Protein chains: 2
Amino acid sequence: MSVKKSKLKIIPLGGLEQIGMNITAFEYEDDIVVVDCGIAFPEDEMLGIDLVIPDVTYLKRNAAKVRGFMLTHGHEDHIGALPYVLKEINVPVYGTRLTIGLVENKLKEHNILKSTTRNCVSPGDTIEFSKNIKIECIGTNHSISDALALAIHTPAGIVVHSGDFKIDYTPIHGKPIDLQKFAELGKKGVLLLMADSTNAERKGYTMSESSVGKAFDEIFSETLENRIIVTTFASNVDRVQQIVNSAEKFNRKVVIEGRSMVNVCTTAMELGYLKVPDGMMIGADEMINHDPSQIVIITTGSQGEPMAALSRIASSTHRKIQIQKGDKVILSSKAIPGNEKTVSRVINDLFRKGADVIFDYAHVSGHACQEELKILHKLVSPKFFIPVHGEYRHLKKHAELAEHMGMKNEDIFILSSGDVLEVDEDSAAVTGRVPVSQILVDGLGVGDVGNIVLRDRQKLSQEGLIIVVITLKKTTGEVLAGPDIVSRGFVYVRESGDLMVEAKEVVKGALNNCTKRNINDWSKIKNVVKEELNEFLWQQIKRSPMILPIIMEV
Amino acid sequence: MSVKKSKLKIIPLGGLEQIGMNITAFEYEDDIVVVDCGIAFPEDEMLGIDLVIPDVTYLKRNAAKVRGFMLTHGHEDHIGALPYVLKEINVPVYGTRLTIGLVENKLKEHNILKSTTRNCVSPGDTIEFSKNIKIECIGTNHSISDALALAIHTPAGIVVHSGDFKIDYTPIHGKPIDLQKFAELGKKGVLLLMADSTNAERKGYTMSESSVGKAFDEIFSETLENRIIVTTFASNVDRVQQIVNSAEKFNRKVVIEGRSMVNVCTTAMELGYLKVPDGMMIGADEMINHDPSQIVIITTGSQGEPMAALSRIASSTHRKIQIQKGDKVILSSKAIPGNEKTVSRVINDLFRKGADVIFDYAHVSGHACQEELKILHKLVSPKFFIPVHGEYRHLKKHAELAEHMGMKNEDIFILSSGDVLEVDEDSAAVTGRVPVSQILVDGLGVGDVGNIVLRDRQKLSQEGLIIVVITLKKTTGEVLAGPDIVSRGFVYVRESGDLMVEAKEVVKGALNNCTKRNINDWSKIKNVVKEELNEFLWQQIKRSPMILPIIMEV
């Protein structure tokens, strides 16, 4: 008698509509394993928000089932929310050595290092989370070392999850992506593939990370007299290694600047992912002892972040480093969509100060382009496919690529966060939804800034504010003091004396109207004041600030 | 006896540090002619600002000298500030027919059409602004028809100003750029060249506008059953013409949507710059009478502007047009730096609604790339050079290009707004500065929003606001009502009940402290309240909202 097997549930809890914030639950009967736990960076309209973390209500409701977090690699959009989420669901965390090292830095900051179980794994390892869920780690290549793809073995079949990946036959650290493993799994039969879609719009191949080293060598060989400053993502340890390699070849000392760059490099050196020859690294204050031609500064700020080292250097507000005429500044990066303007501003500032700036040159992507995606699809030959990692447009293009390669449209699923996909060898379908949302983090507050607060910030930022204060006599409703008008972010008061005087008259008129019409209810009085003042200001200067009437009673 | 001739003064009043806002004064003895008068779009940190216009203090101080405005073409960054500036300095305006047509639309909106003298000119015309300043109009190519370069003839020599330009041998409307004229001037001897630097970082050539028509034909020929929606800059009349041409070939009716698209097309058709066959144009409400395969919608919103037609169509908030499954949407444009994210959002929304979106394909730039710039430099062979139009990085690259072609570094001037360059055949040098600034326009207010207001808006947008109101007894300073606390954009009150209750206690404590320490001065009391509350909130949740204590007296 054959027992009907259960289906595997795949539930993205973030990361599809909301870029970044990768977190996906794999649930088989009484077991859940969660792959990644990332943050997202706030959208432009999320004013004042520091970061966005996923809503793990579903995991909390099923806390007894959750066996652990399996991390693919150490980027913020894959590990950044862990310290917040572990405070709610304390389960073991698995990842490669560098990934766990970076996670540990975070756990320390949040004071939960000791209370968290961390497990280091290596490519080739299989982790038995439960009888029903075993995860095999597959080495890949990405813009951070030690990235993994996963083969998730369940009674319903094997799911291959690519993580963020590219195919690099000549990586800097570690081995080329384990293509044979993908082939072996494909041969065995893969139920479902989930694969990185970030570069699905780009034709061809992504160049090897090692090609950037050649670009550095070239620039270094042409820059014999001046200082070199290179900026890149702190987490791209292989990139930093190549800068160090070029520095070694051309006899330059290396200065590491910027908090996250120092942190990552320290961890990477401790763990052996970054090798710097003895005596090569010097502090910024030691630069005066060396000729500019003997120095490379490696620093943060490749996205033009206003508080990062490069921006502060460019705007002459860095404590230790000033631009010297002739400095060669290399942006070993590409502007993430939305950052183009800030990056450009930094480039302009650097040129203005006399630096020579190189951009759009010494950089390669960490994600697979179309031809690489095709290799993965062909090797794995899955029954079902979910494009992941990327905006909707990228998921769509990746779906088209799979269809173009022969998959049936109905076997491809573009999921939204919260969708529950149930799958076994017979079928796959979205069968339900779990609650998901974005939780905004502002300072120490997690989730206490919601839509109303954001809407108010939006309004205040665009139009400013007018406060009208009135003190009334409790017994008679007579005005004892005010109306006083205070404005912020509206018009500069000295320039708008008359306008504010007139506004006060409008408020007085509104109060008189209330008295005449026997309106005593505070909220009604406030509304009348608000409406009449709003109308007046719109007529006068076509603006509508937030108006806050406040009534005090004595 | 030879009389010493005067020098020509060239004074950019905007447009170098501040992108857009092109306006340059050419002054020879008692005559000033101003080339262009554009707006800039607000920077991200200019919260709530609609647009930025130049400071024309210098022109107002020398109003008697100003002979007129000479416009190179009809883009906003070259004509947009005219209605504001003409209200301050009423002088004649010169430009080609399309340029003047677009200016007239603006003057009508500002009710100053009748009071403004407009003069239509054509390529080849020479305008005698005064005995000493004559301007010869040279036809060029750009992403708007009827663009001009200028040869400014003065006793000090000839200045060639390229305007925004590209070299298009097969333009859609009008003639290819008059290269022979540049050669003729160069042969005669040009004192100074000012040339467009927008694409100075790009190698090679910009493709002809007519190549976009081929792309449209190709897409139209592959889209036989579905509706086509094309979005582009409203001012790119030649682009619209090519969409109309493809529509005609493939038997489609044309719907024009979006306020600025309707305005520009109406003007362009009246003036003969846009030719639409009779009966081809239909209203959006007539679409129901036609099969989707018979319709092209031409609309605005190629930069993802939230209020433009395409964004509203993509988010299903457009009154007349909804996306139908299979709609082919062509973004005939490239995202301007800073707009990438909003453009991407629109693309995602369109894909999600079932449209097929084509981007980064049917578009060419309106600006000359490096090889074209070299042609201009070689033909004109100036003695001195000022790179114009572009960010500092582009000006710098253009300067390097000129140097690479053989100019001496000391003959090239990267100017800042307000610099006064004095030039004659012997020498050129920056000899002084005139006052310049950016004037912010918000609603009907021109210049009444300054740094203080912007700083307040910034603070309010990031951190929100807490208002503390207290009513005191005049005679004794006794608290009669309050403290009441109102917050906006800080935390949502229901979620933060305790925090606000505690905050109230902190304020009460601060007031008690004032009483104990005999502090009666209002401004001191306010400061104590502010400081203690600020300290409390930072300790509690690491945020520092704007705190506004208001004291009423009865």
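These numbers come from the heavy atoms of this one structure, side chains and all, not from hydrogens, waters or symmetry mates. Just so it is clear: chains get the letters A, B, ... in the order the sequence lines come, proteins before strands, and each one is counted from 1. Nothing here was measured: the structure is a model prediction, and the numbers come from that model.
Paired with A:Arg488 under the rule side chain to side chain contact (heavy atoms under 4.5 Å, CB included), one option of B:Leu548, B:Ile467, B:Val453 passes, and it is B:Leu548. Under the side chain to side chain contact (heavy atoms under 4.5 Å, CB included) test applied with B:Ser461, the options A:Leu454, A:Leu460, A:Leu47 reduce to a single match, A:Leu47.
Contact count against chain A (heavy-atom pairs under 4.5 Å) is highest for B:Lys396 among B:Lys459, B:Lys396, B:His394. Of the residues considered (A:Asp484, A:Leu480, A:Asp349, A:Ile347), A:Ile347 shows the highest number of contacts with chain B, using heavy-atom pairs under 4.5 Å. Interface check for chain A: of the options B:Ser344, B:Gly338, B:Gly443, B:Gly464, the most heavy-atom pairs under 4.5 Å are formed by B:Ser344. Of the listed residues (B:Val357, B:Ile336, B:Leu350, B:Leu465), the one with the most heavy-atom contacts under 4.5 Å to chain A is B:Leu465. Annotation: maximal heavy-atom pairing with chain B below 4.5 Å, among A:Ile550, A:Asp456, A:Asn348, occurs at A:Asn348.
Residue contact with chain B, scored on non-hydrogen atoms closer than 4.5 Å, involves the side chain of A:Val486 exclusively. If you measure heavy-atom distances from A:Gln540 to chain B, the contacts under 4.5 Å come from the backbone alone.
By the neighbour-count criterion of 12 heavy atoms within 6.0 Å, atom NZ of B:Lys473 is sparsely surrounded, having that number or fewer from other residues, nucleotides or ligands. Other residues, nucleotides and ligands contribute more than 12 heavy atoms inside 6.0 Å of the NZ atom of A:Lys353. The local environment of NZ in B:Lys530 is sparse, with at most 12 non-hydrogen atoms from other residues, nucleotides or ligands closer than 6.0 Å.
Shown here for A:Ala481 and B:Glu553, the closest heavy-atom pair between the two residues is CB-O, 3.2 Å. The shortest non-hydrogen separation linking B:Glu201 to A:Phe359 is OE2-CZ, 3.3 Å.
Shown here are the side-chain hydrogen bond (donor to acceptor under 3.5 Å, both in side chains) partners of B:Gln539, two or more places apart in sequence or in another chain: B:Glu535. The ring pair (Phe, Tyr, Trp, His ring centres under 6.0 Å) check on B:His404 picks up nothing, with sequence neighbours excluded.
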_Run A:Glu45 and B:Arg345 through salt bridge (Lys or Arg N to Asp or Glu O under 4.0 Å) and show every step you take._
CA-CA 13 Å; A:Glu45 65 273 17; B:Arg345 195 179 291 191; 3.3 Å; yes
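The NZ atom of B:Lys341 sits 9.0 Å away from atom CD of A:Glu391, with the distance rounded to the nearest 0.5 Å. Distance CD1/B:Ile551 to OG1/A:Thr471: 11.5 Å, rounded to 0.5 Å. A distance of 3.0 Å separates CD of A:Glu340 from CD of B:Glu340, quoted to the nearest 0.5 Å.
Of the possible polar contacts, one joining the A:Arg543 side chain to the B:Asp442 backbone as a donor-acceptor pair under 3.5 Å is found.
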